[in-house]
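Read through the structure below, which is laid out as structure tokens, and then see the notes.
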Protein chains: 2
Amino acid sequence: MELHVLFHSVHQLSRQIMKRNNTVLQKYGLYSAQWSVLYVLMQQGRLTQKELSEYLAVEAPPMTRTIQRLVKQGYVRQVPGEDKRMKFIELTELAQKEYPVWEKAVLEMNEQTIKGFSKEHQRQLQQLMAEWLSSLESQQGEEEKK
Amino acid sequence: MELHVLFHSVHQLSRQIMKRNNTVLQKYGLYSAQWSVLYVLMQQGRLTQKELSEYLAVEAPPMTRTIQRLVKQGYVRQVPGEDKRMKFIELTELAQKEYPVWEKAVLEMNEQTIKGFSKEHQRQLQQLMAEWLSSLESQQGEEEKK
DNA sequence: GGAAAATAGTTACCTAGGTAATTAAAGGAG
DNA sequence: CTCCTTTAATTACCTAGGTAACTATTTTCC
């Protein structure tokens, strides 16, 4: 088994997906990283930056940047917590109003991206990747024991 | 089927793989994008930048940057072609000498990354991704007809 | 042959993500 | 209470990849 090929395929798929998302979001002045934050906030409600970055499996610094851009665009608010170290992030009314439009566009593109790939194959693929990710996660867990 | 989840998994896997590759390459002063160029050159011999970027499915500008860094490190040479627009890229003797060491380190990390994921599952995953990628490719082909 | 179109590579500038170091607040041990 | 450690967020700086615009050749077509 050529692992290079496997890894390359994963990488290329990831870039293709992001590229397509960016294409569709462009006309709303959004980018894929911003969208993923908006999406999570809509599903989960207000979260701290820490929770957001854990949820999206991204380090804190990129999360700070993405949020600051969303703040500047007026789509998100930072609310200081009782613990003054943390900041809760929540959608503004503007974002909640615009959300359905964004979502529709993204969902359409998602369907387009997955077109020609059967539900059963999607399920298999998701299953395999989940398994792989969890094995990677458990490896990391071991290393952090030190 | 939650496409968000599927796409997120692909993205996360891609980042994990690159992160691990960078970790192992760090001690040789290399990064994953550089490695992928060195790897292709070792397999294929001298290639033009155009061929390299097509092979790795990367746009020309990032390829220029990666190559310029490799040139600076003395691992790669740019040889002007007969057609003066193109530049052939080839490994230097230094790179050829060091290559086995790099390869060993990368292969070990690859095995570690895939550990706990059976050969059969690897094969299935590769199969599914190849199918998906080719369907995406054919979509792009259609759009370029315009 | 000469003007126009195509092509290889580069430059400039953007987003996405990473690490290391810093700041400010909260907790804990003595 | 004080000092030390931990933690959330930020800042600075790095690689990876993308698009748009540009340069310099080559091809094409009249």
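Sequence lines set the chain letters: A, B, ... in the order given, protein chains first and strands last, and positions in each chain run from 1.
Comparing A:K19 and B:S32 against DNA chain D, the residue whose closest nucleotide sits nearer the 5' end is B:S32.
Between the B:Q34 side chain and the B:Y31 main chain, a donor and an acceptor come within less than 3.5 Å of each other. Put simply, the side chain of A:N22 gets close to the backbone of A:S32: a donor and an acceptor are under 3.5 Å apart. Using a distance-only test at 3.5 Å, with no hydrogens or angles considered, no donor-acceptor pair links the side chain of B:E90 to the main chain of B:G45. Put simply, the side chain of B:Q73 gets close to the backbone of B:G29: a donor and an acceptor are under 3.5 Å apart.
Residue pairs meeting the salt bridge (Lys or Arg N to Asp or Glu O under 4.0 Å) criterion with at least one partner in residues 49-58 of chain A, sequence neighbours excluded, are A:K50-A:E54.
Ring centers of A:Y75 and A:W102: under 6.0 Å apart, within the cut-off.
Nucleotide C:dT10 holds its C1' atom 17 Å from the CE atom of B:M86, rounded to whole Å.
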For Watson-Crick and G-U wobble pairs within 3.5 Å on both distances, what is DNA chain D written in dot-bracket notation, | included for inter-strand pairing? ||||||||||||||||||||||||||||||

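Between A:K104 and A:E108 there is a salt bridge, since at least one side-chain N of the basic residue sits less than 4.0 Å from a carboxylate O of the acidic one.
At a threshold of 4.0 angstrom between heavy atoms, the contacts of B:Q78 are confined to the sugar-phosphate backbone, with no base atom among them.
Between A:Q12 and A:Q16, the side chains place no donor N or O within less than 3.5 Å of an acceptor N or O (distance only, hydrogens not considered). Defined by atom type and a distance below 3.5 Å, a donor-acceptor pair is present between the side-chain atoms of B:Q139 and A:Q112. No hydrogens or angles considered: nothing links the side chains of A:E98 and A:Y28 as a donor-acceptor pair under 3.5 Å.
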So which protein N/O to nucleotides 24-29 of chain C N/O distances come out below 3.5 Å?
{"residue": "C:dA26", "atom": "OP1", "partner": "A:K84", "partner atom": "N", "Å": "3.2"}

Could I get a table of every N or O pair under 3.5 Å where one atom is in the protein and the other is in nucleotides 2-5 of chain C?
none

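With contacts defined as side-chain heavy-atom distances shorter than 4.5 Å, the pair B:L52/B:L41 qualifies. Side-chain contact between A:N110 and A:I17 is absent, with no heavy atoms from C-beta onward closer than 4.5 Å. In this structure, the side chains of B:S14 and A:L13 stay at 4.5 Å or more apart for every pair of heavy atoms. Here the side chains of A:F88 and A:Q78 are not in contact, with every heavy-atom distance at 4.5 Å or above.
Within 6.0 Å of atom OH in B:Y55, 12 or fewer heavy atoms from other residues, nucleotides or ligands are found, so the atom counts as exposed in its surroundings.
In 5' to 3' order, the nucleotides of DNA chain D bounding all contacts with chain A (an atom under 4.0 Å from a heavy atom) are D:dT7 to D:dT19.
Residues from residues 49-74 of chain A placing a heavy atom under 4.0 Å of any atom in DNA chain C, listed by number, are A:V58, A:E59, A:P61, A:P62, A:R65, A:R69.
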